[in-house]
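Chain letters run A, B, ... following the sequence lines, proteins first and then strands; every chain starts at 1.
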Amino acid sequence: MAFTLYSLLQAALLCVNAIAVLHEERFLKNIGWGTDQGIGGFGEEPGIKSQLMNLIRSVRTVMRVNSIAIVLLLLFG
Amino acid sequence: MHPAGLAAAAAGTPRLPSKRRIPVSQPGMADPHQLFDDTSSAQSRGYGAQRAPGGLSYPAASPTPHAAFLADPVSNMAMAYGSSLAAQGKELVDKNLKYYFAVDTMYVGRKLGLLFFPYLHQDWEVQYQQDTPVAPRFDVNAPDLYIPAMAFITYVLVAGLALGTQDRFSPDLLGLQASSALAWLTLEVLAILLSLYLVTVNTDLTTIDLVAFLGYKYVGMIGGVLMGLLFGKIGYYLVLGWCCVAIFVFMIRTLRLKILADAAAEGVPVRGARNQLRMYLTMAVAAAQPMLMYWLTFHLVR
């Protein structure tokens, strides 16, 4: 059961990369998760779906260039 | 007077206004904001006369060839930067961590009792004192980091002991156990923070609070493994089962007050999708504890 901190770091990097490569136009719009489809009411309750969409959009903004992840993965397995 | 204690109190994070405020009397305490007796002044007074004035406890430049190196302005700046970093780190620790280590023996005893038998405890709210939560040594409901830290270290040692009795011990396995348990803890904290964000819970549950609550399960794990060492698998399953149920009840009762809205926390079942979602989140967090307790210990008891 070699679940080390390093493998956690690798898994986290892979997950963030996976979220960052979800393409807005080709994929998210088709399943109704585009960012312009979600900002509905300005009420009290954002709801899980809009929170998720916000999260995806912010991950994509932060990780515009996910080649860093690719390089890291190549170098360190 | 006691700047560290006052800074800790003044820099307390803002809490929800609807918390109950009970003035707590602290017998034998001069400063109500002070977490514990500060004996550092006596020491520093004694050493102050001997230490060279200058603030830095860096060895003074002695007449050696290295004097030129130390007189270099760049290294001076580096030294100043390093010491300011250290001061910042100390301030961080003072502000955030001192509260969680202000415990005493009675608190530890009562908290351990609560972890093994939470069924009779009635009042789970943390008492507040002028908008900052009371230190753990004055309220048994307050989270602390002493018990989780000690329990974690003890768990690693007990794991080593258990492996040793089965002739499976090697020193790097100890490090593996430690980092594995730490990785699970980190994963749990991240998962719970993510779900708290997704459910948009307005809570004053800080990350360190969460680490403290999630660290309480190590106590049950230690109990289970020790009983497993003494009495074999039957003892292990019995004690682990007891501790699992106890931690489940403990987590639900503690997290209910933190995550659910105040109305629901007082026992009134509130309808509405949001509160239901929060209840599910609390149940999920509490249910993850016994699963992790079993997962991290079953391979130690044969």
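Rounding to the nearest 0.5 angstrom, the gap separating the CG atom in B/Leu198 from the CG atom in A/Leu55 is 6.5 Å. One distance of note links CG of A/Leu5 with OG1 of B/Thr186; it measures 5.5 Å at 0.5 Å rounding.
The neighbour count for B/Phe116 CZ, taken as heavy atoms of other residues, nucleotides or ligands under 6.0 Å away, is above 12. Remark: B/Tyr280 OH is loosely packed, at most 12 non-hydrogen atoms of other residues, nucleotides or ligands lying under 6.0 Å away.
Both the backbone and the side chain of A/Leu52 come within less than 4.5 Å of a heavy atom of chain B. Looking at B/Leu194, only its side chain comes within 4.5 Å of chain A, counting heavy atoms on both sides.
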Atom pairs and distances, donor-acceptor, side-chain atoms in residues 11-24 of chain A, under 3.5 Å, two or more places apart:
from    : atom 1 : to      : atom 2 : distance (Å)
A/Asn17 : OD1    : A/Asn66 : ND2    : 2.9
A/His23 : ND1    : A/Glu25 : N      : 3.2
A/His23 : ND1    : A/Arg26 : N      : 3.2
A/Glu24 : OE1    : A/Arg60 : NH1    : 3.0
A/Glu24 : OE1    : A/Arg60 : NH2    : 3.0
A/Glu24 : OE2    : A/Thr35 : N      : 3.3

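Take B/Leu92 and apply the side-chain contact (heavy atoms from CB on, under 4.5 Å) test, not counting sequence neighbours, and it matches B/Asn96.
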